[in-house]
Amino acid sequence: MIDIKNIREQQSLIQDSLRKKDKSISLDNIVEADINLRELTKKLNDLQSEQNQQSKEIGILKSQGKSDESVFAKLKKLSNTIKDLEDEHRTKSKILKDMLLEIPNIPHDSVPIGASEKENVIKKDCSKKKKINFKPKSHIDIAQDLDLIDFEAGAKISGAGFPLYKGNGALLERALINFMIDFHLKNYNYTEFFTPFLVKEKSAITTGQLPKFYEDMYHTEKDKLYLIPTAEVPLTNIHQDDILEVSDLPKYYLANSACFRREAGSYGKDTKGLLRVHQFNKVELVKFVHPTSSYDELESLAKQATKILDLLELDYRIIELCSGDLSFAAAKCYDLEVWAPGEEQWLEVSSCSNFEDFQSRRGNIRFRDDNGKVDYLHTLNGSGLATPRIFAALLETHQNKDGSITIPIALQPYMGLSEIK
RNA sequence: GGAGGCGUGGCAGAGCGGUUGAAUGCACUGGUCUUGAAAACCAGCAAGGGUGAAAGCCCUUCAGAGGUUCGAAUCCUCUCGCCUCCGCCA
């Protein structure tokens, strides 16, 4: 959420910035609603002040046994006027807040300007272009040949997009998760969590999934809970409504979780295999940091995630997203993509974003600085990493001509195997 | 699912429907004292909004949302959370 005060003071500047993300955005309605609301607030405050004062006087008189009931009728009228204004105020604040919740975050100045993913910038290509001197199979064929995933059974149980990992496939999935968690814990100062997978609406508003992307989320009708699309949601909301001490920052949190995505609007795209599924596992990294350090933290976050790819011996590149491709809540974002030689395409396996104070404002996550001043902190998150596409790229990259898969050395202790055949 | 209890400032814990944003204690911050520290003593110590150059002034907030009343932390209703007992269950 953008601070209404900023919008008020520099509407055109902010609007121009937002249009780098989405050309159709206008702040006119918001500014008008804000002016309107403040007028109402002032009127209401004045009346409340009057009411408070007069009620106090009555109290004093009464304590002296000199109560004068003749003013009651007048005050009753005032009281009713205030009630009406309060109703109006409530309604109008809610409307303004709802409008603000629909406004995306402002892209950072360093973000390249562009309308779509075509204008994303390849920041670094770290692929070694490992030679495969035979026609590589797709991960779907490999998984079927080695009996790692039963897509049909998954579809029977839950529908398309719910892969059923089996045997060494299930083992590989588990190994990947454990390897990644251990790597982050061993090398960086993270606290591990295991979170709820269902969250309240409020939590999904904090991180920016709601209200705008309601259609993308699974939710339970009776209890009005939402299945998390990423552990970012519960992790970030750990500090909902908290005021942290500056000495507690930065805080680094990590969790593996199942992630649930309806993928509404992408029917027919990547329907086969592991490239786009409704449920997958992801190790998520979340940072709560001081506002002055958040861009340094973003660089280190992205770097950290790439180390996993190095250790898994995968070809990857780092993409700097252009303004038009930035997600709703992000001010700046790097995507990591791995090369899948069977599919012959780059697969997004991680998104590392700085949200600045966008989420902290929504979730009321603040810190007290050295001077005792309270302010919103900055939040970041990054996948470290999402398994299904890693799983796919790993099979396709490390396949051998005889159909077997060589397990990267870093993963072997977790598999107890050096190859799958 | 049934029965009951509870929810007040960073924490603990008062609070008769009327200057209660809220006693008191602890913690914290500043000061006095001390060679230094501790102790003692003094002072300060919520967040949000509006207005203002600032000091200040005004408003809101005692889990959340409504209601009663001239006036609500205090009374009523609902919701949420926590605890205890019973039932069910991994």
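Residue numbers begin at 1 in each chain, while the letters A, B, ... track the order of the sequences.
Pairing for B/C62 is absent, with no Watson-Crick or G-U wobble pair whose two atom distances lie under 3.5 Å. In this structure B/G44 sits in a base pair with B/C28, meeting the Watson-Crick or G-U test at under 3.5 Å. The partner of B/G17 is absent, by the rule that a Watson-Crick or G-U pair needs both atom distances under 3.5 Å. Taking a pair to require two hydrogen-bonding distances under 3.5 Å in either a Watson-Crick or a G-U wobble arrangement, B/C80 pairs with B/G7. B/U34 is unpaired under the Watson-Crick or G-U wobble criterion, no partner having all donor-acceptor distances under 3.5 Å.
Among the nucleotides B/U51, B/C70, B/U69, the one closest to any side-chain atom of A/Arg38 is B/U51. Set against B/G50, B/U60, B/A47, the side chain of A/Ile243 has B/A47 as its closest nucleotide. Minimum atom distance to the side chain of A/Lys76 is reached by B/U69, of the listed B/U69, B/C58, B/G66. Of the candidates B/G50, B/G66, B/C70, B/G66 carries the atom nearest the A/Arg90 side chain, counting heavy atoms from C-beta on. The side chain of A/Val374 lies closest to B/G48 when the candidates are B/U69, B/C58, B/G48. With B/G18, B/U68, B/C59 as the candidates, the nucleotide lying closest to the side chain of A/Ile58 is B/G18. When distances run from any side-chain atom of A/Lys56 to the nucleotides B/C70, B/U68, B/U19, the shortest one goes to B/U19. In the set B/U69, B/G48, B/C59, B/G48 carries the atom at the smallest distance from any side-chain atom of A/Arg366.
Under the 6.0 Å distance and 45° angle rule, A/Lys251 does not count as a cation-pi partner of A/Phe288.
Look at NZ on A/Lys42: it is 16 Å from C1' on B/U60, rounded to the nearest Å. Atom NZ in A/Lys77 sits roughly 19 Å away from atom C1' in B/U69 (whole-Å rounding). B/G49 atom P lies 18 Å from atom CG of A/Leu40, rounded to whole Å. Atom-to-atom, CZ of A/Arg368 to P of B/U29 comes out at 13 Å; the value is rounded to the nearest Å. The separation between A/Asn52 atom CG and B/U61 atom P is 9 Å, rounded to whole Å. Atom CG of A/Leu61 is separated from atom P of B/U19 by 14 Å (rounded to the nearest Å). Atom CD1 of A/Ile82 and atom P of B/U68 are 14 Å apart (whole Å). Distance CD (A/Glu201) to P (B/C80): 14 Å, rounded to an integer number of Å.
A close approach under 4.0 Å does occur between a side-chain nitrogen or oxygen of A/Lys83 and OP1 or OP2 of B/U68. Residue A/Ser79 has no polar side-chain atom (N or O) positioned under 4.0 Å from OP1 or OP2 of B/U69. Between A/Arg8 and B/G50 there is a side-chain N or O to OP1 or OP2 distance below 4.0 Å. Between A/Lys200 and B/G81 there is no side-chain N or O to OP1 or OP2 distance below 4.0 Å.
Put simply, the side chain of A/Arg366 never gets that close to the backbone of A/Val374: no donor and acceptor are under 3.5 Å apart. Distance alone, capped at 3.5 Å, is enough to place a donor-acceptor pair between the A/Arg362 side chain and the A/Ile205 backbone. Remark: side-chain polar atoms of A/His278 are not paired, donor with acceptor, to backbone N or O of A/Phe162 under 3.5 angstrom.
Of the residues near RNA chain B, A/Glu86 and A/Asp375, the one whose nearest nucleotide (by heavy atom distance) lies more toward the 5' end is A/Asp375. Summary of the strand contacts: A/Ser49 and A/Asp87 both lie near RNA chain B, and taking for each the nucleotide with the nearest heavy atom, the more 5' one is attributed to A/Ser49.
Comparing B/U68 with B/G13, their C1' atoms are spaced 30 Å from each other, to the whole Å. Across B/U79 and B/G21, the matching P atoms stand 30 Å from one another, rounded to whole Å.
Residue contacts shown for A/Gln51 are limited to sugar-phosphate atoms, with no base heavy atom under 4.0 Å away.
For the pair A/Glu343 and A/Ser138, the tightest heavy-atom approach, listed with the atom from each and the gap, is OE2-CB, 3.9 Å.
The aromatic rings of A/Tyr190 and A/Tyr188 stand perpendicular to each other, their planes meeting at an angle above 60°, with 30° marking the opposite boundary.
Comment: A/Lys92 engages A/Glu88 in a salt bridge, judged by a side-chain N to carboxylate O separation of less than 4.0 angstrom.
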